[in-house]
Amino acid sequence: MGHYVPHTDAEIAQMLSSLGLSSLDELFETVPEALRLAGGLDLAPGLSEPDTLAAMERLADRNRRAGRDLVCFAGGGAYDHEVPATVRRVAFRSEFVTAYTPYQPEVAQGVLQALFEYQTLLCRLTGMEVANASLYDGASACVEAVNLAVAATGRQTVFLSNGVNPQWREVLHTYAAGTGHQYVACDLAGGLTRWPDAGEPAALLVQYPNYLGCLEDLAAARQLADRTGALLLVAFDPVAAGLLHSPGHFGADVVVGEGQPFGTPLSFGGPYLGMFTCRREHVRRLPGRLVGETVDADGRRAYVTTLRTREQDIRREKASSNVCTNQTLIAVAFAVQLAWLGTSGLRDLALRCARGTRYARDALLTIDGVEPLADAPIFREFAVTSPVPGDVLVERMADDGFLAGIPLGSEYGDRGLLVSVTERRTRDEIDAFVAAFEKVIR
Amino acid sequence: MGHYVPHTDAEIAQMLSSLGLSSLDELFETVPEALRLAGGLDLAPGLSEPDTLAAMERLADRNRRAGRDLVCFAGGGAYDHEVPATVRRVAFRSEFVTAYTPYQPEVAQGVLQALFEYQTLLCRLTGMEVANASLYDGASACVEAVNLAVAATGRQTVFLSNGVNPQWREVLHTYAAGTGHQYVACDLAGGLTRWPDAGEPAALLVQYPNYLGCLEDLAAARQLADRTGALLLVAFDPVAAGLLHSPGHFGADVVVGEGQPFGTPLSFGGPYLGMFTCRREHVRRLPGRLVGETVDADGRRAYVTTLRTREQDIRREKASSNVCTNQTLIAVAFAVQLAWLGTSGLRDLALRCARGTRYARDALLTIDGVEPLADAPIFREFAVTSPVPGDVLVERMADDGFLAGIPLGSEYGDRGLLVSVTERRTRDEIDAFVAAFEKVIR
Amino acid sequence: MPAAAGGRASSAPIMGHDNEPTIFELSARGRTAASFRTTGVPEWDAEELVPSPHLRDEPAAIAEISERDLVAHFTRLTHRQYSVDLGAYPLGSCTMKYNPKLCDDAASLPGLTDVHPAAPAALTQGWMELLAELEQALCSITGMHAATLQPPAGAAGELTGLLLMRAWHAEHGGQRHKVVIPDSAHGTNPASVTLGGYETVTVPSDDRGLVDVAALRERLDDDVAGIMLTNPNTLGLFEEDIAEIAGAVHEVGGLLYYDGANLNAILGVTRPGDMGFDIVHMNLHKTFAVPHGGGGPGAGPVAVSERLAPYLPGPRPVLGDDGVYRWEQPAQSIGRVHSWHGNALALARAYSYILANGGDGLRRVAEAAVLNANWLRTRLRGIYDLPYDRPAMHEFVASTSALKKAKGLRALDVAKRLLEEGFHAPTVYFPLIVDEALMIEPTETESPQTLEALGDALERIAAGDAEDARHAPRTTPVGRVDEARAARQLIPTWDARE
Amino acid sequence: MPAAAGGRASSAPIMGHDNEPTIFELSARGRTAASFRTTGVPEWDAEELVPSPHLRDEPAAIAEISERDLVAHFTRLTHRQYSVDLGAYPLGSCTMKYNPKLCDDAASLPGLTDVHPAAPAALTQGWMELLAELEQALCSITGMHAATLQPPAGAAGELTGLLLMRAWHAEHGGQRHKVVIPDSAHGTNPASVTLGGYETVTVPSDDRGLVDVAALRERLDDDVAGIMLTNPNTLGLFEEDIAEIAGAVHEVGGLLYYDGANLNAILGVTRPGDMGFDIVHMNLHKTFAVPHGGGGPGAGPVAVSERLAPYLPGPRPVLGDDGVYRWEQPAQSIGRVHSWHGNALALARAYSYILANGGDGLRRVAEAAVLNANWLRTRLRGIYDLPYDRPAMHEFVASTSALKKAKGLRALDVAKRLLEEGFHAPTVYFPLIVDEALMIEPTETESPQTLEALGDALERIAAGDAEDARHAPRTTPVGRVDEARAARQLIPTWDARE
Ligand SMILES: Cc1ncc(COP(=O)(O)O)c(C=O)c1O
Ligand SMILES: Cc1ncc(COP(=O)(O)O)c(C=O)c1O
């Protein structure tokens, strides 16, 4: 009971008497009698630590693990990349893990400098000038990008590509109920977004590569944005930075995305990392924390969270965002993983993903009945259709030890399956995957 | 190739030229041509990190794990105790792990203070006045105890109880080939040592509890030591300190033992921890490192390795021992685990071991054909005989998911099995164990 | 040879006070620590894989650093960082309690970390059971009917709650436009109100530090969607009139939102549901020992009363009669608020913490938290101002306003001096209604000995020289940081430096 | 309330330079962090379990401390500790290379850690394969025939080797009494010689810093059991006459023992076996990246030539024709030298390091180690004395003897000043044959940038004020430590203080 309360009974008695109290209940005298919980919480009594761990292990054993139980070909915003020992053992040192948001910079230079390095790395990946210290996930990063665009343009409508992760679009619509933003859904043709050729949008939001893995034409999107006076918002896969031009190269105004691919295991979907970067002109509308370099009293280089007046604790109802606690630790892991890769490693990683994807796609398409869902060029993920609905396919292939991919919703035409191949997949695994696929759809 | 060499080719070229060399081979010009290894090492080329880990996992999967694959009832100097998350995550922080022996105390206060606390805790467990900073294992601690006794008394002969761990006795005999020490083997009767009633031994070496789990009569041993002018050397199970009088209480001169039970997993036998403590009068014969408290230039409390003149690097051929690198990190884990237990936790742990042992022993002895090998009182381990030889018994019970114990050598009479029960064993596990035991000997 | 600072422990204050260079300064062309699995996949060139309009010629420039230098760099950074694992962290409103190592183990079980969030339910029954059981437990603790675990932090929980309010009113008498919050509220409250599409109406606190009920009644009408309260409030005081407040708000058809940041104070003692709240968010990274990670990740689940359950975000894990968990979308769900299922590993941590404590343990948590706060409050009496010197809950607010008048000792300087004394600082200048506020929350995991040491340090500081305090801290990795300059000459990245 | 220092980060230099209290000072009666599995075993009283003459009335007194304070205490201690993970550690003869995190993972696989050493071979085939393969690999690296992995450290390996010598001579012409070692040898060599039952005969080094072969010949006779050499020797110089030395020793029927502490210099370049050595020990905690752990655990396997194989300690894992590993005792084994099978997890680490490097990688290790040492040696030329300024291997010895004459700058003061510069110090005053010795071993894992920074620091120190250096270090957790007092007024435990 209360393993983590250090007080001995003697100490409690002493402290109570120093307060002139005779029982712990008297501590709560300001809680009206009527509201006091009689009989305590309706929860089981506390377990010992080994018993607790055993209970958690029982639950963990009820999941089929990627790697040991299932060879993972699922992506869709959550990728089975290697997280090396170095990253795990350094990024999760307890000083990083058990610190609060760096409110006292003099004793938080560790977190602050790591974030400053994260911001720099993220800008280099995306080709942007400013990055914040993280948002919750890919979806919330999209939401904040739209909020920024609406505030910057004074317009309410956003052209939203159907190539954007459907779950992120769901979240955008959920939050629109509060902000009143309007979304114009833009269909895909051949895997690429067909934009309306006119209108007065606050922004275009497109994903690169998009949910089907296809490489959108960002140059065209930029032109439309220029024509309509809209901002170009791009959701970007950071792994793509190893091979593809950055969205900044194509003139994006805001680049967001899901940072999970660097340093974070699949984790059943969280905690992940919302990447947020933009051009410097928008810095005063930046959501969340921003770390800047400065000096201390002796002129030594130091880091501190800055432009704080944007934030909720100071600007309150007029704040650029309500975000307070973010995903700092995941951002630190992202920075460590990226530094571990280095320039050549990043390219190598992207190449390996692209090669495995090409190899798997070519092989799958030799199976008759399997057709590409889109023919636009891809990078590390692709969609196919087959005689068997995606969900059935996934369930069946699980018996053969594969997580075959992600079933696609009807908006992409039925029977679709989204397949992703990371640097971890071997040729043998892919061959076995293709064989099982063929067997299952027979 | 050479993952851990940071130099780029360009840097190597630059450094070579600054040395006036044109190839790496020229670095080895002082190695006679004839001795140069042509064709390189006869080893496979380097593996990538993930491939290396996969190779290690393949090996790990070829072992049957205690806990997951086998319920462990084996002891004999290696016990299946809980090592809590707290201990693992604190004792193995990289500052402790990647430091060298504290030669520069100004930047090694972390290791030094942890060792000072370890020494104090160990003295409290054993009832002694001085402890060193660790030796290799239980066996080497016994060797050093005998070396000390021989040096202290000028005598060569040691009364060695057959109740001492047989492997430790083997090591004693191995090293005696160099030192010329003589051992008089002292048989057990009813599980307790029968000492010669006269002689001029340098020391008596007895284990408490002994290898069969029995509680030796240390008072009697002390009397004999007094009569013969010998030192009393006791190998002690640190867990016993929770319930049993310390060897110091009975007047031991040197107390040694195997420290694995606190903070170290089974680990296939190592790294473990050689505990070494003695009375203060012997401190100048203490083997290995000793940490002492002192002050720094400003008078602040500080710690440092001391009485260094005993040691090999200064005293060379006249050193009290040749030990240099010891088992410091394991000693730190020992201290953390012991502090985690605390006074009440230590007693609780000992009680739980004793209760499980009593419960298992009583149950096994109800099986007919199963007899106690010794009738002396026990603490956390016991020996039985059965119709089936110990080794056969162990092999068979492995199929039922048990590591049944340790087969006893012929010196203890044949068909013996040594069984140990730790705080981790549940009543259900013990009941299943007993049932399997009964089935197997039918 | 590229200039790089080399491997000295230049940052570790263990050896002097030099700066730690950035990874960019440590970078040397051509280096990498990366190592990949051998796959046997054909090694096509980039050009064969990516069409030229998309293919970049140069890879994005990252730091190029050896594993050895990488490890040293970040390890040295950790030596420039204070944390709960180093000492007390009495940061008001943040509940910086000790995070049990047990929960680290629980949250790193491969059976939890190596699961794809899109894997079908049949393959993730363990996770779904964990989440469903956690929803359950949180409902018991808060006295609510159903919950969503999707919100990744408190602020996200707030916005989710406000969207639930909208959805409710839309179907019950039409939309309303105002949300009432006290002047002592946390900044995320008004910020969320705005994002929820509402207008903030502020209600003042009375001289007790509690919501001024009369003033509240004046502000209540049928355009008020609801009220957001923290109870105990940010002064650490229990809103004693909560029943009356709830009645008044409900009377005008409004809903009550409970900001659970201070839930630690009342675990097992009283429940928001019993107080009349309709919507509750919890900060698992405060109350349930999810470590703060230097600013996240956390988790901000939202629990609601029965009438609001149909509007919860989805999908939610639901146990069928066949003993199998399935994902279900609540009938009138407002939709997703997270890409997947929320900060799952943080949720697993919190669940393991709840299992280990149990009902009895959680109440003991609240008791010790409140005991510690009140002991320290009385310890500081006569040393600092206590603007609301009444029985507090888990935290209390002191002030240096008199000390400032007397000798110019500001809350900020007390905070910086406390760093020199080896403690983290309290929260300062919040809540806004207190002049020179020091908001102190010891939490239940600090021992009486720690409280004594903290009290002694605060007393020394109050008695000390104010001018001297303005130059604190001096024993930290860097001295007082120039925050103004950071904003004036913004340097947001390494590449932005001249 | 018991006096305990409380939870301030009192030790962490991150916040000032106070001492960290001992756990005994943090202890408060009645506290514990312990938590046990629920077993359902009957709860007999102590009296029912242990007869009274053995039963203690009071449990042994341990520190009584909460998990929170326990974690904070030891975490703070790590902030008072330098380590390889914080920076360069050019400690001569210790090969303080970076320890790959990969090997941490490898050595913590549950399939390796959770195996009882007495489990029958049928249940531990993975471990036995690992050990057998490691023996193999070490033999290839050293050019020997067979090996034992039992010795837990280098010194234990030395003694094992000397006992092998004894066993050999006992059966070949009878016992001998002398073992020759150079005056530059490490202290464990003579200490082991004594424990091996031999008498040490010292052979001087010549002006090249190498064994004086003529002097050696004078000392060789048929009472010489063998010679112990380190090659490269402790000056970092390769014993160029090793072939002649081997011939001379073998001529008188002696054996050659190779102290492998410096093996890092010659990996893949040359092998002790090819030099004529009969017995070789390796320090896996030097050459093969097993971390030092603040003073161990390490591993000191011993490899031998074919004629000595039958005498090796046992049991050894041997692969049968049926593909199954069994434990076998060598025919004339000297017996066990370890309780079990040696420091198994350290052996697993080393094996993973060898796998990751491979033959090519290991040679690269030696090349970079030697390159680094020679670059730094030339960098210091003209700044420090280089008593043996010739091509070095993985380390070299400098000296402050001239600087001492000139201005009183001692090796010790250079070491302490270097701490202030953020580097660990070199080994000082060893080998004994060099006055004011600074023994510098950069290792291969330090980058050229690190070497430059180290060289610059050493140059600054040599140019600096010697009197000032006597007061170094000042920026460390504690200042210069009074070692004399520690010995004079011995305080070996907390309980020994007055
Ligand atoms: C009173 C109060 N409300 C809301 C929040 C916001 O929670 P979060 O930081 O998790 O978004 C906080 C946390 O700082 C708080 O203290
Ligand atoms: C040259 C030399 N020989 C022998 C040893 C002893 O090795 P260990 O410390 O592993 O016992 C050392 C290590 O300090 C050494 O440097």
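Just so you know, these numbers come straight off a predicted model, no measurement behind them. Throughout, protein chains are lettered first and strands after them, A, B, ... in sequence-line order, and every chain is numbered starting at 1. All values below were derived from every heavy atom in this structure, side-chain atoms included, with hydrogens, water molecules and symmetry-related copies excluded.
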Quiz item: Should we say atom CG of Asp61(B) is surrounded by more than 12 heavy atoms from elsewhere, each under 6.0 Å from it?
Solution: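 Yes.
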Sort [X] into side chain, backbone, both or neither according to what part of it lies under 4.5 angstrom from a heavy atom of chain B.
X         : value
Phe74(D)  : both
Leu371(D) : both
Pro53(D)  : backbone
Met275(D) : both
Arg480(D) : both
Ala348(D) : both
Ala122(D) : side chain
Val337(D) : both
Ala118(D) : side chain
Asn99(D)  : side chain
Leu112(D) : both
Thr445(D) : both
Glu158(D) : neither
Leu55(D)  : both

Taking only Lys NZ, Arg NE, NH1 and NH2, and the carboxylate oxygens of Asp or Glu, determine whether [X] and [Y] approach each other closer than 4.0 Å.
X         : Y         : value
Arg68(B)  : Asp114(D) : no
Glu240(D) : Arg390(D) : yes
Glu444(D) : Lys97(D)  : yes
Arg364(D) : Asp360(D) : no
Glu170(B) : Arg336(D) : yes
Glu311(B) : Arg289(B) : yes

[X], part contacting chain D, at a heavy-atom distance under 4.5 Å:
X         : answer
Ala55(B)  : side chain
Leu215(B) : both
Arg425(B) : both
Pro102(B) : both
Leu346(B) : side chain
Thr86(B)  : side chain
Leu341(B) : both
Glu57(B)  : both
Leu243(B) : both
Leu403(B) : side chain
Ile430(B) : side chain
Arg124(B) : both
Trp168(B) : side chain
Tyr175(B) : both

Practice problem: Spell out, as yes or no, whether a donor-acceptor pair under 3.5 Å connects the side chain of Asn322(B) to the backbone of Thr188(D). | Solution: no
Quiz item: Once you round to the nearest 0.5 Å, how far does CZ of Arg301(B) lie from CD of Glu20(D)?
Solution: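 Between Arg301(B) CZ and Glu20(D) CD, I get 9.5 Å after rounding to 0.5 Å.
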Looking at [options], which one has more heavy-atom pairs under 4.5 Å with chain B than the rest?
options                                    : result
Ala156(D), Ala496(D), Ala346(D), Gly154(D) : Ala156(D)
Glu483(D), Glu129(D), Arg271(D), Arg166(D) : Glu129(D)
Pro110(D), Ala368(D), Ala243(D)            : Pro110(D)
Pro51(D), Gly30(D), Ala46(D), Cys94(D)     : Cys94(D)
Leu159(D), Val115(D), Thr270(D), Leu163(D) : Val115(D)
Pro59(D), Gly197(D), Gly335(D)             : Pro59(D)

Exercise. Tell me, out of Ala133(B), Ser344(B), Pro265(B), Pro45(B), who's got the most heavy-atom pairs with chain D below 4.5 Å.
Key: Pro45(B)
Quiz item: Between Thr343(B), Thr101(B), Leu41(B), Leu27(B), which has the largest tally of heavy atom pairs under 4.5 Å with chain D?
Solution: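 Most heavy-atom pairs under 4.5 Å with chain D: Thr343(B).
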[Y] side chain reached by [X] side chain, heavy atoms, under 4.5 Å:
X         : Y         : value
Phe36(D)  : Glu82(B)  : no
Thr30(B)  : Leu237(D) : no
Gln119(B) : Val291(B) : yes
Arg65(B)  : Leu70(B)  : no
Tyr98(D)  : Asp85(D)  : yes
Lys416(D) : His471(D) : no
Ser140(B) : Asp137(B) : yes
Leu266(B) : Asp80(B)  : yes

Exercise. Could you walk me through whether Gln327(B) and Asn343(D) pass the side-chain hydrogen bond (donor to acceptor under 3.5 Å, both in side chains) test, one step at a time?
Key: CA-CA 10 Å; Gln327(B) 310 275 118; Asn343(D) 280 343; 3.1 Å; yes
Exercise. Go through the steps to decide whether Glu293(B) and Arg497(D) satisfy the test salt bridge (Lys or Arg N to Asp or Glu O under 4.0 Å), and finish with yes or no.
Key: CA-CA 9 Å; Glu293(B) 181 186 315; Arg497(D) 311 166 90 237; 2.7 Å; yes
Self-check item: Ring-face cation of Arg62(B) near Trp127(D) (centre distance under 6.0 Å, axis angle within 45°)
Solution: no
